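Order of the sequence lines sets the chain letters (A, B, ...), proteins ahead of strands, with each chain counted from 1. As the structure is a prediction and not an experimental result, all values here were calculated from the model. Values below: every heavy atom of this structure, side chains too, minus hydrogens, waters and symmetry copies.
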Amino acid sequence: MRLATWNVNSVKQRLPRLLPWLDQRRPDVLCLQETKVPDDTFAALLDEELAERGYEVAAYGESRWNGVAILSRVGLDDVVRGIEGAPGFPHPEARALAATCGGVRVHSLYVPNGREPDSDHYRYKLAWLAALRDVVAAGPADAIVCGDMNIAPADADVFDPAAYVGSTHVTEPERAALAELAKLGLHDVVRERWPDERVFTYWDYRAGMFHQDLGMRIDLVLASTPVAERVRAAWVDRHARKGTGPSDHAPVIVDLDEAPDGDIGPVVPPPSAPARRRSARLPQAR
DNA sequence: ATGCCCATCTATGATGGA
């Protein structure tokens, strides 16, 4: 199963990039953030195009700001909009959507920005993350928590740590909120795959930041242990940040091996082939 | 070349993004 997450910075503006990208990368599950459209607009823009490609769709948006969605062609069940117990600012914002896709509880998240440390918006961000933790803790063992987390987990995840001192995205309380998710057994699968690499997912549009690779890694895929053990590949699709009319974020793509036997129903062998024992499987790349 | 801000709206500039 291939899962991807992408902050598209307006799904309406990004249509000329999103549809060709879907055909190129063919994710089974795609989490979107910053769609910036109400649900009826999302449907009018994309339902037909996505149905042609075999996707079911759940969208949770509002006009102007925010907005998340999940596209899936491996099932889309038990959809939940928002985070139970999370505060609004002041109204509940369209920042979270969950669904069960291919046996995995998938969360598409657009975490509040925080604006300035110790501001009302910053406190909102931390309270929102605490509520998210509780929802994930109460959820299924097979889970992926992904999206624009608006936190750089470590200094290696910003192009110049000194430039970010005193800014949001790198403060200790924000990183502590991520650590609370890690304590639930969630793994940062891109960093685990590329422990020493320079890996960013966001580059400011201004001043040629992308072209100098001056960015941040704030779009994360966090997978629970049984899902993390199935990760075959995890990477940032920087190609999608190039060219005409890109989002300022690049997609993150994660490929999972099939679930262990029993999790996906009966496996029927081809007529002439004997059933293979698990011991006959190829070793899994780690 | 990856190539030097973008997107939104009871708009025509103010605001949010990170």
Categorize [X] for me: base, sugar-phosphate, or nothing, with a 4.0 angstrom heavy-atom threshold over every strand shown.
X      : value
A:N7   : sugar-phosphate
A:E34  : sugar-phosphate
A:M216 : sugar-phosphate
A:Y202 : sugar-phosphate
A:H211 : base
A:D219 : nothing

Determine, using ring centers only, whether A:W21 and A:W6 are less than 6.0 Å apart.
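Close enough - the centres of the two rings lie under 6.0 Å apart.
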Could you tell me how the ring of A:F210 sits relative to the ring of A:W203: parallel (under 30°), tilted (30 to 60°) or perpendicular (over 60°)?
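Rings of A:F210 and A:W203: perpendicular, over 60°.
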Under 3.5 Å, which donor-acceptor pairs do the side chains of residues 177-184 of chain A form with other protein atoms, sequence neighbours left out?
unit_1: A:E180; atom_1: OE2; unit_2: A:K183; atom_2: NZ; d: 2.9

A:Q212 CD: over 12 foreign heavy atoms closer than 6.0 Å
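Check passes, neighbour count above 12.
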Please work out which residues in residues 110-132 of chain A have a non-hydrogen atom less than 4.0 Å from an atom of DNA chain B and list them by number.
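Those residues whose heavy atoms fall under 4.0 Å from DNA chain B, taken from residues 110-132 of chain A in numerical order, are A:Y110, A:N113, A:R115.
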Contact boundaries of DNA chain B with chain A (under 4.0 Å, heavy atoms), 5' to 3'?
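Going 5' to 3' along DNA chain B, contacts run B:dT2 to B:dA18.
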Separation of the [atom1] atoms in [N] and [M], to the nearest angstrom:
N      : M      : atom1 : value
B:dT10 : B:dC6  : C1'   : 22 Å
B:dA18 : B:dA7  : C1'   : 15 Å
B:dA1  : B:dA14 : C1'   : 36 Å
B:dG16 : B:dA11 : C1'   : 15 Å
B:dT12 : B:dT8  : C1'   : 13 Å

Distance-only check: which donor-acceptor pairs under 3.5 Å involve side-chain atoms of residues 76-88 of chain A, not counting sequence neighbours?
unit_1: A:R81; atom_1: NH1; unit_2: A:D39; atom_2: OD2; d: 3.1
unit_1: A:R81; atom_1: NH1; unit_2: A:A59; atom_2: O; d: 3.2
unit_1: A:R81; atom_1: NH2; unit_2: A:D39; atom_2: OD2; d: 3.3

More 5' along DNA chain B: A:R238 or A:Y205, using each one's nearest nucleotide?
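Checking each residue's closest nucleotide, the 5'-ward one belongs to A:R238.
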Could you say whether A:K242 or A:S10 is positioned toward the 5' end of DNA chain B, judged by the nucleotide with the nearest heavy atom to each?
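Closer to the 5' end of DNA chain B: A:K242.
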Side-chain heavy atoms of A:R217 within contact of A:V190, under 4.5 Å
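Answer yes - side chains close enough.
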For A:H187, side-chain hydrogen bond (donor to acceptor under 3.5 Å, both in side chains) partners two or more places apart:
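Result, side-chain hydrogen bond (donor to acceptor under 3.5 Å, both in side chains) vs A:H187: A:E192, A:T225.
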Donor-acceptor pair between A:T5 and A:Q33 side chains, under 3.5 angstrom:
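Judged by distance alone, the side chains do pair up.
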Residues which pass ring pair (Phe, Tyr, Trp, His ring centres under 6.0 Å) with A:Y164, listed by chain and number, not counting sequence neighbours:
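Residues passing ring pair (Phe, Tyr, Trp, His ring centres under 6.0 Å) with A:Y164: A:F159.
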